[in-house]
*Asks:* 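Pasting a structure here, questions to come.
What's counted below: heavy atoms across the whole structure, side chains too, no hydrogens, waters or symmetry copies. Labels below follow one simple rule: chain letters A, B, ... track the order of the sequence lines, proteins then strands, and each chain is numbered from 1.
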Amino acid sequence: MDNQLVLYNTLTRRKEKFEPLNPPFVGLYVCGPTVYSDVHLGNCRTFVSFDLIFRYLLHLGYQVRYVRNITDAGHLEGDNDEGDDKFAKKAKLEQLEPMEIVQKYTLGFHEVLRLFNTLPPSIEPTATGHISDQIEMVKQIIENGYAYEVNGTVYFDVENYVKKHDYTILTNRKLDDLLDNTRELNGQDDKRGRLDFALWIKAKPEHIMRWPSPWGIGFPGWHIECSAMSSKYLGEEFDIHGGGMDLAATHHTNEIAQSQACNHTNPAKYWMHTNMLTVNGTRMSKSAGNGFLPYELFSGSHQLLNRGYSPMAVRFFMLQAHYRSTLDFSNEALDAADRGYKRLMNAIALLPKLKINTKKSAVNIGELKQRCYAAMNDDFNSPVLIAELFEAVRIINSVYDGKLMLDESSFAELNTLMQHFVHDVLGLIDDNTGAADFEKLMTVIIALRNEAKQNKDYTTSDRIREGLSSMGIQLKDSKEGTLWNKI
RNA sequence: GGUCGGAUGGCCGAGUGGCUAGGCGGAGGUCUGCAAAACCUUUUACAGCGGUUCGAAUCCGCUUCCGACCUCCA
């Protein structure tokens, strides 16, 4: 714990020491989902990654305010002020009110994240709940000379902004290249520069989600909500702003521009971006149609899957890769993760059954603990942490087998280590245990089988074992007794 | 086309100028009534070609291949 936490800052493209602006407080803002359809696993990976980051900061003793928004308005299908509102389109499709769409998919999102055992954010603000804050921010940007209004729509003036600011600071791209490669103005909107983006959009007559503003009836643009809500709850400058890598080039670039134009600050000291989940090497995305829905994974109903995997096994699978690396989805990889996860959980279940030795311990838990902290302090390196924890697994199993000695203080240290890192930091819980009645039932069955074994009635004992095996319960005999787990 | 990031053993996935990552799988062993589990041992690596260096998978250059962003997407 005496090591310094370092994290990779997209803004500087290097690892930096983490030094909060106002310790022990930490402000963390993560761009949440647009709730017009089911979240897929790629979305989930980002939120699991930030859950790990949130949990570790909490574990280190920081008082973290974690703000994650729900986008429930304002997103059109293209990056122009044309096309359909995603919510309106979906509402039409499902014959629901737009706000019914929002409610339906917000609840689904929360349910999925609960299954993945993520901690809820401190504040989960919605775009529709902060229209006036967004309007105020747009007004200020216009006042500061970085936006203009045309026919009820307000655009951010990138051309003027770049005179004093670095528009591409986050992605390090050259402005000229951006200009060269941006689509030609197609004449259907009124923006002056081809990089300009909408802050407020005039609502067409058929548009359902609409609010009054100084520029007429309309709805907010796609980037302003995060700027308005992050500054409202975390201040004009806060510690960490995060999101998926796909948001960096456009969404976060524009967020920085908006905050600079309004508050004269880059909103966040550290920008963190999580990498994509891929399927056969290609990014999982809604538009590509290769997205897995969580329940398809849990049940194994997706056509690319051989079987289902529990939410905790999937969480473990995600945490076995570093958050800044792509992670590829395959049956083999999931099977391997599932077995590894169970091995870890079985070892933890053995902890209360370990025999404590009075002699001095043969293992140094303190060193192991240091390595665990070193792993996490190095930009939240959960795969290395998990590798270290498997050393703990080996120790636990060896002590259980009587091949290794553990004294009382080492045992206590090991117990705490597993509690802290497996449960608190990695957020992994055992989904293998049954209900209390079930546990009692198993105790009776195991006792009957052991009686049969003592009488050398192996026909009966094997029948019991095979019967249980066929329903997915595995028995493990040892000198200390018989253990069971679900497979 | 521009920008950026990759290419690690059967699979997944860390890391790094010299010391076994780890998980899963395979092989052998110990234990066991048998099995499973566990433990021990073991197996196959760093895309290719040059260069720097006492030493490179790790640094530099080139080549090939792949991906992301540049259009809504975590």
Side-chain angles (χ1 to χ4, degrees), chain A residues 13 30-34 36-37 39-50 71 75-80 83 86 168 171-174 176-178 180-183 222 242-251 253 273-278 281-288 291 316-317 320-322 324-341 343-344 346-347 350 371 375 378 381-391 393-394 396-398 400-404 453 456-458 461-462 465-466 469 474-479 482-485 487:
Chain A
R13 284 168 291 284
V30 174
C31 293
T34 304
Y36 71 98
S37 63
V39 284
H40 61 65
L41 279 159
N43 304 122
C44 293
R45 188 193 177 195
T46 291
F47 302 121
V48 167
S49 294
F50 280 105
T71 295
H75 278 226
L76 300 188
E77 298 222 290
D79 196 15
N80 287 302
K86 284 176 179 169
T168 55
T171 51
N172 201 29
R173 286 170 304 173
K174 292 189 184 72
D176 291 342
D177 293 334
L178 269 186
D180 286 347
N181 290 297
T182 305
R183 284 188 306 188
W222 323 288
M245 259 180 195
D246 51 340
L247 298 181
T250 305
H251 183 59
T253 290
H273 290 98
T274 57
N275 215 321
M276 300 292 109
L277 188 65
T278 59
T282 310
R283 173 187 169 187
M284 187 182 284
S285 77
K286 288 180 186 175
S287 50
F316 180 84
F317 167 71
Q320 260 195 321
H322 190 256
R324 282 193 289 115
S325 302
T326 54
L327 173 61
D328 199 57
F329 222 62
S330 69
N331 283 292
E332 276 178 305
L334 283 166
D335 279 336
D338 185 49
R339 295 205 181 142
Y341 160 72
R343 197 160 117 83
L344 182 61
N346 287 339
L350 278 182
R371 290 203 302 273
D378 183 14
N381 198 326
S382 56
V384 170
L385 170 64
I386 288 172
E388 301 295 356
L389 290 174
F390 273 106
E391 170 67 10
V393 168
R394 197 187 58 75
I396 292 167
N397 286 328
S398 294
Y400 185 76
D401 282 357
K403 291 170 182 163
L404 213 55
K453 275 173 69 183
K456 297 205 188 296
D457 178 8
Y458 297 123
S461 67
D462 286 355
R465 187 174 64 200
E466 279 152 27
S469 169
Q474 178 184 53
L475 294 183
K476 298 178 287 189
D477 291 331
S478 76
K479 286 172 189 164
T482 303
L483 299 174
W484 64 274
N485 60 264
I487 45 174

*Asks:* Mind checking if A/His273 touches a base, just sugar-phosphate, or nothing, with heavy atoms under 4.0 Å?
*Replies:* nothing
*Asks:* Could you walk me through whether A/Thr71 and A/Trp222 pass the side chain to side chain contact (heavy atoms under 4.5 Å, CB included) check?
*Replies:* CA-CA 9 Å; A/Thr71 295; A/Trp222 323 288; over 6 Å; no
*Asks:* Which whole number of Å gives the distance between the P atom of B/rG55 and that of B/rG23?
*Replies:* 34 Å
*Asks:* Is A/Asn397 touching bases, backbone alone, or none of the nucleic acid, heavy atoms closer than 4.0 Å?
*Replies:* sugar-phosphate
*Asks:* Evaluate the side-chain proximity of A/Arg343 to A/Asn397: yes if any heavy-atom separation is below 4.5 Å, no if none is.
*Replies:* yes
*Asks:* Hey, are the side chains of A/Glu391 and A/Arg371 touching, using non-hydrogen atoms and a 4.5 Å cut-off?
*Replies:* yes
*Asks:* Both A/Gly281 and A/Phe390 contact RNA chain B. Taking the nearest nucleotide for each, which residue is further toward the 5' end?
*Replies:* A/Phe390
*Asks:* Determine whether the aromatic ring of A/Tyr458 stacks with the base of B/rG33, defined as ring centroids separated by less than 5.5 Å and ring planes inclined by less than 30°.
*Replies:* yes
*Asks:* Provide, to the nearest angstrom, the distance between the CG atom belonging to A/Asn331 and the P atom belonging to B/rC24.
*Replies:* 18 Å
*Asks:* Hey, does A/Lys453 reach any base, or is it just sugar-phosphate, or nothing, if we go heavy atoms under 4.0 Å?
*Replies:* base
*Asks:* When you compare B/rG1 with B/rU8, how far apart are their C1' atoms, in angstrom units rounded to a whole number?
*Replies:* 31 Å
*Asks:* Distance check needed: B/rG22 P versus A/Arg371 CZ, whole Å only.
*Replies:* 11 Å
*Asks:* Taking the P atom in each of B/rG29 and B/rA37, what is the distance between them to the nearest angstrom?
*Replies:* 16 Å
*Asks:* Got a donor-acceptor contact below 3.5 angstrom from the A/Asn381 side chain to the A/Ala375 backbone?
*Replies:* no
*Asks:* When the distance from OH of A/Tyr400 to P of B/rC39 is rounded to whole Å, what number comes out?
*Replies:* 13 Å
*Asks:* Taking the nucleotide of RNA chain B with the closest heavy atom to each, which residue, A/Ala387 or A/Lys403, is nearer the 5' end?
*Replies:* A/Ala387
*Asks:* Quick one, A/Lys174 and A/Thr168 - any side-chain contact, counting heavy atoms below 4.5 Å?
*Replies:* no
*Asks:* Pick out the pairs of N or O atoms, protein on one side and nucleotides 11-14 of chain B on the other, that lie under 3.5 Å.
*Replies:*
{"from": "B/rG13", "atom 1": "OP1", "to": "A/Asp328", "atom 2": "N", "distance (Å)": "3.0"}
{"from": "B/rG13", "atom 1": "O2'", "to": "A/Gln320", "atom 2": "O", "distance (Å)": "3.3"}
{"from": "B/rA14", "atom 1": "OP1", "to": "A/His322", "atom 2": "N", "distance (Å)": "2.7"}
{"from": "B/rA14", "atom 1": "OP1", "to": "A/Ser325", "atom 2": "OG", "distance (Å)": "2.9"}
{"from": "B/rA14", "atom 1": "O3'", "to": "A/Asn381", "atom 2": "ND2", "distance (Å)": "3.4"}

*Asks:* With no angle test and no hydrogens, is the base of B/rC34 tied to the side chain of A/Asp477 by a donor-acceptor pair under 3.5 Å?
*Replies:* yes
*Asks:* Select base, sugar-phosphate, or nothing to describe what A/Gly291 touches, counting heavy atoms under 4.0 Å on all strands.
*Replies:* nothing
*Asks:* Looking at B/rG33, B/rA35, B/rA38, which one has an atom nearest to any side-chain atom of A/Arg465?
*Replies:* B/rA35
*Asks:* Select base, sugar-phosphate, or nothing to describe what A/Met245 touches, counting heavy atoms under 4.0 Å on all strands.
*Replies:* nothing
*Asks:* Please report, rounded to the nearest Å, how far the C1' atom of B/rG1 is from the CZ atom of A/Arg173.
*Replies:* 15 Å
*Asks:* Check every strand shown and say whether A/Ser398 touches a base, only sugar-phosphate, or nothing at a heavy-atom separation below 4.0 Å.
*Replies:* sugar-phosphate
